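On a predicted model such as this, the values are computed, not experimentally measured, just so you know. Heavy-atom basis, side chains included; hydrogens, waters and symmetry copies ignored.
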Amino acid sequence: MNCHTKIIETERLTLRPWEESDAESLYEYAKNPNVGPIAGWPVHTSVENSRQVIKDVLSKEYTYAITLKKQDKAIGCIGLMLGKNSNFNLPDGEAEIGYWIGEPYWGNGYVPEATAELMKFGFEKLKLHKLWCGYFDGNYKSKRVQEKCGFRYHHTNKDVKLEMMNDTKTEHINCISYDEWKCKWEKQDLNTKI
């Protein structure tokens with residue numbers, strides 16, 4: 001377990017560091033062609049492939065397995081990529097949020113719930129100034145998550161090269177500043193968890 005990454009709780013979810021023992025559940029959802037390619041990464045080919053992805057990619061700081069409370073099975077992933085570690089080569093004080101969830105869990109509001117809590121963590125604990133998020137053409141579920149969480153359109157990148165998939169896609173980039181986020185959530189019922 002990554003000792004540098006804390007566990008984050010939401011009303012229905014636990015966001016926790018990935019462990020190699022999550023390889024089987026990761027493979028269960030990441031082998032589905034409806035999940036990875038629309039998010040920009042190839043389908044997983046084996047449990048060992050998933051284990052290697054955990055070691056090489058998902059073990060990074062501020063990258064979390066999404067699990068349902070009281071069930072420790074990884075059903076998705078969410079993470080913050082800070083500054084130069086982002087896909088957008090951001091300055092210090094800014095970060096990119098990325099996420100996905102297994103198809104059986106689509107439509108339950110889990111990703112907006114996890115995203116809202118990670119935004120709160122990024123702005124309040126990490127003192128970030130701005131958060132960014134992107135989605136590829138056709139990924140309307142991801143677009144909807146970003147809209148629900150208050151991200152606003154910034155720009156579009158055409159012909160984004162996805163080396164791992166030997167493909168190019170159009171990516172729409174959204175962002176939200178700390179002040180915009182604070183204003184949005186202050187309007188919400190303060191007794192309601194984000």
Side-chain angles (χ1 to χ4, degrees), residues 1-88 95-122 125-126 128 131-136 139 141-142 144-146 148-149 162-165 167 193-194:
M1 183 185 284
N2 300 339
C3 57
H4 56 264
T5 309
K6 67 177 237 155
I7 291 173
I8 297 174
E9 303 271 335
T10 74
E11 185 179 333
R12 300 178 295 166
L13 307 170
T14 299
L15 311 181
R16 61 154 175 82
W18 283 88
E19 298 177 1
E20 285 186 44
S21 59
D22 293 317
E24 284 188 26
S25 59
L26 173 57
Y27 177 61
E28 180 181 343
Y29 303 115
K31 69 183 179 184
N32 182 338
N34 294 330
V35 176
I38 200 159
W41 47 269
V43 295
H44 289 201
T45 55
S46 66
V47 172
E48 196 47 51
N49 174 216
S50 291
R51 186 172 286 110
Q52 198 60 49
V53 170
I54 290 170
K55 287 184 200 172
D56 297 345
V57 180
L58 303 181
S59 63
K60 293 184 177 158
E61 189 172 26
Y62 307 122
T63 299
Y64 303 89
I66 300 173
T67 69
L68 298 177
K69 275 197 172 162
K70 299 180 182 162
Q71 296 177 28
D72 197 35
K73 181 181 180 182
I75 61 168
C77 182
I78 190 164
L80 278 173
M81 294 158 280
L82 277 57
K84 306 256 181 297
N85 292 323
S86 74
N87 294 309
F88 307 142
E96 175 189 357
I97 291 183
Y99 49 76
W100 65 266
I101 197 160
E103 189 171 11
Y105 301 94
W106 291 2
N108 292 297
Y110 293 138
V111 173
E113 184 175 324
T115 301
E117 198 64 31
L118 199 58
M119 291 169 71
K120 181 179 177 185
F121 174 77
K125 302 290 187 212
L126 301 180
L128 297 173
L131 289 173
W132 297 80
C133 216
Y135 66 92
F136 294 113
N139 192 345
K141 291 180 186 331
S142 189
R144 188 69 191 116
V145 167
Q146 294 169 40
K148 283 181 182 176
C149 291
L162 302 173
E163 303 294 338
M164 292 188 303
M165 297 179 58
D167 195 8
K193 281 192 112 176
I194 294 171

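Contact record, Leu58 with Trp18: O-CD1, 3.5 Å, taken as the closest heavy-atom pair.
Residue pairs meeting the salt bridge (Lys or Arg N to Asp or Glu O under 4.0 Å) criterion with at least one partner in residues 96-109, sequence neighbours excluded, are absent.
Contacts of Tyr135 classified as side-chain hydrogen bond (donor to acceptor under 3.5 Å, both in side chains), with partners at least two apart in sequence or in another chain: none. Legend: residues meeting salt bridge (charged side-chain N to carboxylate O under 4.0 Å, His left out) with Glu48, ordered by chain and number and at least two apart, are Arg51. Trp132 pairs by the ring pair (Phe, Tyr, Trp, His ring centres under 6.0 Å) definition with His154, not counting sequence neighbours. Scanning for salt bridge (charged side-chain N to carboxylate O under 4.0 Å, His left out) contacts around Lys148 gives an empty result, with sequence neighbours left out. For Asp72, the side-chain hydrogen bond (donor to acceptor under 3.5 Å, both in side chains) partners at least two apart in sequence or on another chain are Arg16.
A donor-acceptor contact closer than 3.5 angstrom is absent between the side chains of Glu117 and Thr10. Side-chain N/O atoms of Ser142 and Tyr99 include a donor and acceptor closer than 3.5 Å.
In terms of modelled atom types and a separation under 3.5 Å, the side chain of Asn139 and the main chain of Phe136 share no donor-acceptor contact. At distances below 3.5 Å, not a single donor-acceptor pair connects side-chain atoms of Asn32 with backbone N or O atoms of Tyr29. Between the Lys141 side chain and the Gly107 main chain, no donor and acceptor come within less than 3.5 Å of each other.
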